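Naming: A, B, ... by sequence-line order, numbering from 1 per chain. This is a predicted model, so every value here is computed, not measured.
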Amino acid sequence: MRYWLMKSEPAEFSIDDLAREGQVAWFGVRNYQARNFMRDQMRVGDGVLFYHSSCPEPGIAGLAQVSTLAYPDETQFEADGKYFDPKATRENPRWFNVEVKYVRHTQLLSLGELRGHPELATLRILARGNRLSITPVDPDEWNFILKLLG
DNA sequence: GCCAACGTTGGC
DNA sequence: GCCAACGTTGGC
């Protein structure tokens, strides 16, 4: 059982959207490291911190769960879509996604508050210049954050 | 295989 | 809107 933090811009897709839809494909990831996390390491049942980025109040907004193993991201084949990849083929897909399902909303645990806890000094999202949209969360970090969330 | 140029991310 | 940090691309 592993734990993850997954970023989403709430203007694009928020925790409210996830709550309404229940379970969604995490399509559109076009970064190799993030892809590899989904394809090689994510398992059904893994815990997910749902993080709102690029918004007035960035921070953890809810909890989710990995609900499928990774499979080829359909949007890479859609020639008129913004996630199209001309180098990807059905025989040799380049991008993958898992699906995640809604668990619950949480209080907003802001980036500033996360930074204020020495216990979270190693949280990847807080590292300098971090840009990965999917990062692993250590069990200690996960437990500490869940305790903060009550 | 190097590396400059370019595009993107994301907090502020 | 700014800008630092980073990933990707492509010429050589």
[Y] and [X] side chains, donor-acceptor separation under 3.5 Å:
X        : Y        : answer
Ser67(A) : Glu99(A) : no
Tyr32(A) : Arg94(A) : yes
Arg20(A) : Ser14(A) : no

Anything under 3.5 Å between a protein N or O and an N or O of nucleotides 9-12 of chain B, put it in a table, one pair a line.
from	atom 1	to	atom 2	distance (Å)
dG10(B)	OP1	Lys7(A)	NZ	2.5
dG10(B)	OP1	Arg131(A)	O	3.2
dG11(B)	OP1	Tyr51(A)	OH	2.9
dG11(B)	OP2	Ser54(A)	N	2.9
dC12(B)	OP1	Arg115(A)	NH1	3.4

message: Using a strict threshold of under 4.0 Å (side-chain N to carboxylate O), is an ion pair present between Asp73(A) and Arg30(A)?
response: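 Here Arg30(A) pairs with Asp73(A) in a salt bridge, since their nearest N and O are under 4.0 Å apart.
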message: Centre-to-centre under 6.0 Å for Trp26(A) and Phe96(A), is that the case here?
response: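 No; Phe96(A) has its ring centre 6.0 Å or more from that of Trp26(A).
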field: 5'-most by nearest nucleotide on DNA chain C - Arg94(A) or Arg128(A)
entry: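 It is Arg128(A), whose closest nucleotide lies nearer the 5' terminus.
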task: For Lys87(A) and for Asn31(A), locate the closest nucleotide of DNA chain C by heavy-atom distance; then report the residue assigned to the nucleotide nearer the 5' terminus.
output: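 The residue whose closest nucleotide sits nearer the 5' end is Asn31(A).
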query: Rounding to a whole Å, what distance do you find between Tyr32(A):OH and dG7(C):P?
result: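 Whole-Å distance recorded here is 13 Å.
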